[in-house]
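One-based numbering, in listed order, for ligands and for the atoms of each. Note that the numbering runs from 1 along the sequence shown for the chain.
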Amino acid sequence: VVRHDEQVTGATPTARRPLLGDAPTEVREAVEDLLGSPVAGEQPAAGGFTASIASTVTGAHGSRLFIKAAPIGDGTGEAVAAGITLAKAAGDLGASLVGSASVGAWRIAAYEVLQGEAVQHWTAEDIPRLLHLVERLREHTVPCPPLPTTPYADAFTPLLGTWAALLSASRGERAPGKPDTEQAAPGGGPAVAPAVEHLTHRRLPVDVPLEQLADLESKWLETLSPGEALHHGDLRRDNVIREPSGRLRIVDWTHLWTAPAWLDLVRLLPDLAASGHDPQTLLGASCYAQAPPADVNVALAGWAGRAWREGHLPEVTNLPGLRSMQREQGLHTLRWLQERLR
Ligand SMILES: Nc1ncnc2c1ncn2[C@@H]1O[C@H](COP(=O)(O)OP(=O)(O)O)[C@@H](O)[C@H]1O
Ligand SMILES: [Mg+2]
């Protein structure tokens, strides 16, 4: 776990999750229908960064399901529904979808329970398996299967603008596109510049000029909106399960997004860097070695800005590990970007 800008060690913290046992009666009954028996036991998932139900439930006769459930409205039920829509495309890269249900506003997905655990630290043995997994991911996601997708770059746009805002602050200027000016930032950034007061006295852990970060970030939309692939969007070790055989599986398919095919791997590599692996070497060894270098830099700058800004915001109740994960991602994304810009 990264504490501020320090080196990384340790385990993934846990979301404080609501329990199926506390969900509305009709939701619990729907799960019992899927399980084929009353729920005899519930074990909430140990990892992840969503405060919604994700539990392994056990039936009276020992049958087991991994249940995700949430109401539509705040994005969590939508995420469960997207997982149902994506199950076929994900295939055996992920857990198989055993069944699903809609109960009022609630969406319920029942998956097979995968053996093993989410990765806490990427080992040397994981590397060839991961590179193989990324090749299989490409087979499943390029071209994007016929699904109601939108560009990931659009969804990320509201989270951009950290570097432009810090640059303005460093020059003593008003940030671009503040509410009273109602202007979008150049390059299609967010209409309202993000608040960065909590960062203005914090030193970046790398030696990359703000001008350069802001310039890269400003190219986000034009660079990353086109894309031929289905984009997972949350590839990190808490969403990869290492089975007892060592095989890796990707869980938590919750976005109906398209993006350049290499983007999921590039997103994942700072997470490997946090376990001591060199992201550039891994990119070069992967099926995406030819990812356009300038575009990769744009992606890294955009993510790093979000992670740097949000990682230093106050903790989120029920998601105690979120900020430290973001700081870790920010640190390793920035370090990799610095190496690439040298
Ligand atoms: N099918 C499954 N079988 C066993 N464990 C799972 C399964 N799917 C996910 N998990 C575990 O549960 C955690 C939370 O599930 P996930 O789908 O990632 O939800 P969240 O959106 O809350 O992160 C994951 O980090 C993973 O460790
Ligand atoms: Mg997850």
- [ ] Would you check if the Mg ion (ligand 2) lies under 2.8 Å from any N, O or S atom of N239?
- [x] yes
Open item on the list: Determine whether a donor-acceptor pair (N or O, by modelled atom type, separation under 3.5 Å) exists between the side chain of H255 and the backbone of L230.
Closed with: no
Task: Pair E339-R342, salt bridge (charged side-chain N to carboxylate O under 4.0 Å, His left out): steps then yes or no - done: CA-CA 5 Å; E339 285 306 309; R342 278 215 169 118; 2.9 Å; yes
Task: Geometric N/O contact T56 with ligand 1, under 3.5 angstrom - done: no
Open item on the list: Checking a contact table here: which protein heavy atom is nearest atom 5 (N) of ligand 1, and how many Å away?
Closed with: I241 CD1, 3.5 Å
Open item on the list: Counting only heavy atoms closer than 4.0 Å, does ligand 1 sit against the backbone of V251, its side chain, both, or neither?
Closed with: side chain
TODO: Considering only non-hydrogen protein atoms, determine which one is nearest to atom 27 (O) of ligand 1 and report residue, atom name and distance to 0.1 Å.
DONE: A118 CB, 3.3 Å
Open item on the list: According to a hydrophobic-cluster definition based on side-chain heavy atoms being under 4.5 Å apart (Ile, Leu, Val, Met, Phe, Trp, Tyr only), do V98 and V80 belong together?
Closed with: no
TODO: May I ask you to list the atoms of ligand 1 that are less than 4.0 angstrom from any heavy atom of G47?
DONE: 13 (C), 14 (C), 25 (O)
Task: Proximity to ligand 1 by part of D234, non-hydrogen separation under 4.0 Å - done: neither
- [ ] Give the residue and atom name of whichever protein heavy atom lies nearest to atom 24 (C) of ligand 1, and the separation in Å to one decimal.
- [x] D238 O, 3.4 Å
Open item on the list: Yes or no: does R17 have any heavy atom under 4.0 Å from an atom of ligand 1?
Closed with: yes
TODO: Ignoring angles and geometry beyond distance, decide whether Y111 reaches within less than 3.5 Å of ligand 1 through its nitrogen or oxygen atoms.
DONE: no
Task: Side-chain H-bond candidate by donor/acceptor type, R335 with Q338, under 3.5 Å - done: no
TODO: Can you pull out the closest protein heavy atom to atom 18 (O) of ligand 1? Residue, atom name and distance to 0.1 Å, please.
DONE: N239 OD1, 2.9 Å
Open item on the list: Looking at L272, is its backbone amide N or carbonyl O close enough to the side chain of H332 to form a donor-acceptor pair, meaning the two atoms are under 3.5 Å apart?
Closed with: no
Open item on the list: Please name the atom of D252, limited to N, O or S, that comes nearest to the Mg ion (ligand 2).
Closed with: OD2
TODO: Could you find the nearest protein heavy atom to atom 13 (C) of ligand 1 and give me its residue, atom name and distance?
DONE: A45 CB, 3.5 Å
Open item on the list: Any donor-acceptor pair under 3.5 Å linking the side-chain atoms of D126 with those of T123?
Closed with: yes
Task: Near-ring test H312/W308, centroid separation under 6.0 angstrom - done: yes
Task: Under 4.0 Å to a heavy atom of E112 - the qualifying atoms of ligand 1, by number - done: 1 (N), 2 (C), 3 (N)
Task: Protein contact of atom 17 (O) of ligand 1 - nearest heavy atom, named by residue and atom, plus distance - done: K68 NZ, 2.7 Å
Open item on the list: Is it the case that ligand 1 has an N or O less than 3.5 angstrom from some N or O of A95?
Closed with: no
Open item on the list: To check your reading of the model: name the closest protein heavy atom to atom 23 (O) of ligand 1, its residue, and the distance in Å.
Closed with: D252 OD2, 2.9 Å
TODO: Below 4.0 angstrom from a heavy atom of V113, which ligand 1 atoms are there? Numbered from 1 as shown, please.
DONE: 3 (N)
- [ ] Would you indicate which of F49, W253, F66 comes nearest to atom 9 (C) of ligand 1 when only heavy atoms are counted?
- [x] F66
